[in-house]
Every structure is written in C-alpha cells, then in structure tokens.
Amino acid sequence: MGCFECCIKCLGGVPYASLLATILCFCGVALFCGCGHVALTGTVTILEQHFSSNPEDHALLTEVIQLMQYVIYGVASFFFLYGIILLAEGFYTTSAVKELHSEFKTTACGRCISGMFVFLTYILGVAWLGVFGFSAIPLFMFYNMWSSCEVIKGLPTNLTTTIDQICVDVRQYGIIPWNALPGRACGPALENICNSNEFYMSFHLFIVTCAGAGATVISLIHFLMILSSNWAYLKDASKMQAYQDIKAKEEQELQDIQSRSKEQLNSYT
C-alpha cells in the first residue's frame, strides 16, 4: 500500500461528525464562559456606580455573581475533558475504524459505556437548555435599558415626552431590594450609563454569551444523535458477532463430523 492510499484510509477513520460537534462545543463553551465572566463583572460595576450606593443592598447579588464566576471555571474545565472523551468515543465506535481493525470486538462493557454517554449527554443537553434560557435574562434587562436610551436619542424629533420621564428601574427585576437608592436612572443619568464603556461591553458580551450557550446546546444535540447512532451500531455489531460465533461453531462441528466419518470409512476399508 502506497503512502497516498494509506493517508486516504486513515482519513476515512476520522469521525467527522464527532469532530464537528466537538469544535462547536468548545467554541460555544469558550464564548459562554469567557464573555459571561467579563459581562458579570461589568454588571456589578454598573450596579455599584449608578443604581446602588449602599454596598449592603447588593451584597447578596455580588456574592451570587462571584459564585457564578467560579462555576464558570468548573464548567469550562469539565466540558473540555468531556468533549475530548466524546471525540475519543467517536473514534473507537465509527465504522471506518472497525474496518481498519478487523480484530475489533464489541463487549457488553463497551455497549454499557456508550449507553451511559447517551444518558449523560441527554441530561447535559436539558441542563444547557436551562442555561440558555437563564442567559437571556440579563440580555433582556440590558436590551430594555438600551431601548430606553434609543428613545432618549430620538426625543428632539418627538417633543411629546420630556427626557426626565424616561427611566429604568432595576429594582423591578428583583436583583436589588426596593429600598435601595437610587435604584433607578432617568434622563441624562440613563444616557450617561448607556454611553459608558461598561454598558457597551457588557451588553454585547451578554449577546455573545447567549449565542455561546445556544451553540453548546446545538453541539450536545449533535453529540446525542451521534452517540445514539454509535450505540445502535454497537448493538447490531454484537448481534452479528454472536451470529458469526455460532456459525463458526457449527462449521467446526460439521468438520469434526466429516473427519470422523472419513476415519471410520478408512478403518472399514
């Protein structure tokens, strides 16, 4: 076999579906964790500077955000390892690899591990659907604030509303108590918030964070389809292996019978 044929055969053993899902999973988790971490820091800065002058009013929120940032570190590490494991599982269960290694044998342990990955990926997919919905909450809050600022910018052509009547009250979202002061921003103060670098960065980073969570959900759905297909293949391969073992045993018994028959005929002759 030449070098070109060998390369083509090796490339045929690559599970491209698992490779694509792994890349999408890594990109989605990286966007969610990296952008989400920075966006949460910017959110705390905006809250402290413009909506809550007393640190005790947002102390609980600050602790929750810090806890979420630590969770982000764990999520990034876990999915880095889990993606590599699923990619390796794809390499060892693809049909092309089985053609390269004719002595490959499916076992009950291998089928059990594949089934476990299917169940675990399903649970993670459902969990990430919740994460995707949760990541849309701060995006909704920042979008409302951005929409109010756009209304302020369009006031010179619409004089029916004064600039001081346009306000954003973050207390209605429940992230700080109702007795927190000032609790809301109106008119020029709201416009200054929207023009700040913290708001601009946090708003766009939350958009990317939500997109990253969506990409992770899509990658896990992709993984789930791949794992289900691989598990079905292993199940069929185990049945085929059992059939071949029975067939080989019957052929061996038939050969034994024929050899004994020849020996008896020769002895009789």
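Predicted, not measured: the structure shown is a model, and the values here were computed from it. Residue numbers run from 1 in the order of the sequence given.
- Under the 4.5 Å side-chain heavy-atom criterion for grouping Ile, Leu, Val, Met, Phe, Trp and Tyr, Trp146 is not connected to Val38 through any hydrophobic cluster.
- Nearest heavy atoms, Ile226 versus Ala21: CD1-CB, 4.2 Å.
- Annotation for Cys194 and Met145: closest pair SG-O, 3.7 Å, computed over non-hydrogen atoms.
- Note: Glu198 CD to His50 NE2 = 6.5 Å, rounded to the nearest 0.5 Å.
- Here the CZ-CD1 distance, from Phe117 to Ile85, works out to 5.5 Å after rounding to the nearest 0.5 Å.
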Going through the checks in order, is the ring pair (Phe, Tyr, Trp, His ring centres under 6.0 Å) test met by Phe32 and Trp128?
CA-CA 11 Å; Phe32 175 82; Trp128 269 96; 5.1 Å; yes

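- Taking 4.5 Å as the limit, every side-chain heavy atom of Leu40 sits out of range of all side-chain heavy atoms of Val44.
- No more than 12 heavy atoms of other residues, nucleotides or ligands sit less than 6.0 Å from atom CG of Asn197.
- Here the straight-line distance linking atom CD1 of Ile176 with atom CD of Glu56 works out to 14.0 Å at 0.5 Å rounding.
- Counting heavy atoms from C-beta outward, Phe78 and Leu124 have side chains that approach closer than 4.5 Å.
- Residues Tyr200 and Phe51 do not share a hydrophobic cluster, defined by chaining ILVMFWY side chains whose heavy atoms lie under 4.5 Å apart.
- A continuous path of hydrophobic side-chain contacts links Leu60 to Met68 [ILVMFWY only; heavy atoms under 4.5 Å].
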Please walk me through it: do Glu191 and Cys149 pass side chain to side chain contact (heavy atoms under 4.5 Å, CB included)?
CA-CA 6 Å; Glu191 190 173 8; Cys149 293; 5.6 Å; no

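- Transitive grouping of hydrophobic side chains (ILVMFWY, heavy atoms separated by less than 4.5 Å) brings Leu129 and Ile123 into a common cluster.
- Put simply, the side chain of Tyr82 reaches to within 4.5 Å of the side chain of Thr121, judged on heavy atoms.
- Applying the 4.5 Å side-chain rule to ILVMFWY residues, one finds Phe26, Phe80, Ile84 in the same cluster as Leu81.
- Taking both residues in full, the closest heavy atoms of Ile193 and Ala185 are given as CD1-CB, 3.6 Å, listed atom of the first, atom of the second, then distance.
- Taking 4.5 Å as the limit, some side-chain heavy atom of Phe140 sits within range of a side-chain heavy atom of Tyr173.
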Test log, rule side chain to side chain contact (heavy atoms under 4.5 Å, CB included), inputs Phe223 and Cys25
CA-CA 9 Å; Phe223 267 129; Cys25 181; 4.2 Å; yes

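- Within 6.0 Å of CZ on Phe134 lie no more than 12 heavy atoms contributed by other residues, nucleotides or ligands.
- Residues Val208 and His204 have side chains not in contact (no heavy-atom distance under 4.5 Å, counting atoms from C-beta outward).
- Residues meeting the ring pair (Phe, Tyr, Trp, His ring centres under 6.0 Å) test with Tyr73, sequence neighbours left out: His37.
- A distance of 11.5 Å separates CD in Glu48 from CG in Asn54, rounded to the nearest 0.5 Å.
- The environment of Met141 atom CE is dense: over 12 non-hydrogen atoms of other residues, nucleotides or ligands sit within 6.0 angstrom.
- Side-chain contact check for Leu24 versus Leu20: every heavy-atom pair is 4.5 Å or farther apart.
- Side-chain N/O atoms of Ser18 and Glu89 include no donor and acceptor closer than 3.5 Å.
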Side-chain atoms of residues 210-222: list all donor-acceptor pairs with protein atoms under 3.5 Å, sequence neighbours left out, distances to 0.1 Å.
from	atom 1	to	atom 2	distance (Å)
Thr216	OG1	Val29	N	3.3
Thr216	OG1	Gly212	O	2.9
Ser219	OG	Thr216	O	2.7

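- A donor-acceptor contact shorter than 3.5 Å is absent between the side chain of Ser228 and the backbone of Met225.
- Considering every non-hydrogen atom in both Ala39 and Ser202, the closest pair reads O-OG, 3.8 Å.
- In plain terms, the two heavy atoms of Ile166 and Leu190 that are nearest each other are O-CD2, 4.1 Å.
- Annotation: the span from Met201 atom CE to Ser196 atom OG amounts to 11.5 Å, rounded to 0.5 Å.
- Between Phe203 and Phe199, the ring-plane angle classifies as parallel under the 30° and 60° cut-offs.
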Run the numbers on Thr41 and Gln69 for side chain to side chain donor-acceptor pair (under 3.5 Å), then give the verdict.
CA-CA 9 Å; Thr41 303; Gln69 289 176 334; 2.9 Å; yes

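- Proximity of Leu19 to Leu87: side-chain heavy atoms (C-beta onward) are separated by under 4.5 Å at one or more points.
- Annotation: the span from Thr209 atom OG1 to Leu31 atom CG amounts to 8.0 Å, rounded to 0.5 Å.
- Residue Arg171 qualifies as enclosed at atom CZ: its count of foreign heavy atoms under 6.0 Å is above 12.
- Contact detail for Asp169 and Trp178: the closest heavy-atom pair is OD2-CZ3, 4.1 Å.
- Residues Phe119 and Leu224 are not in side-chain contact: their nearest non-hydrogen atoms beyond the backbone lie 4.5 Å or more apart.
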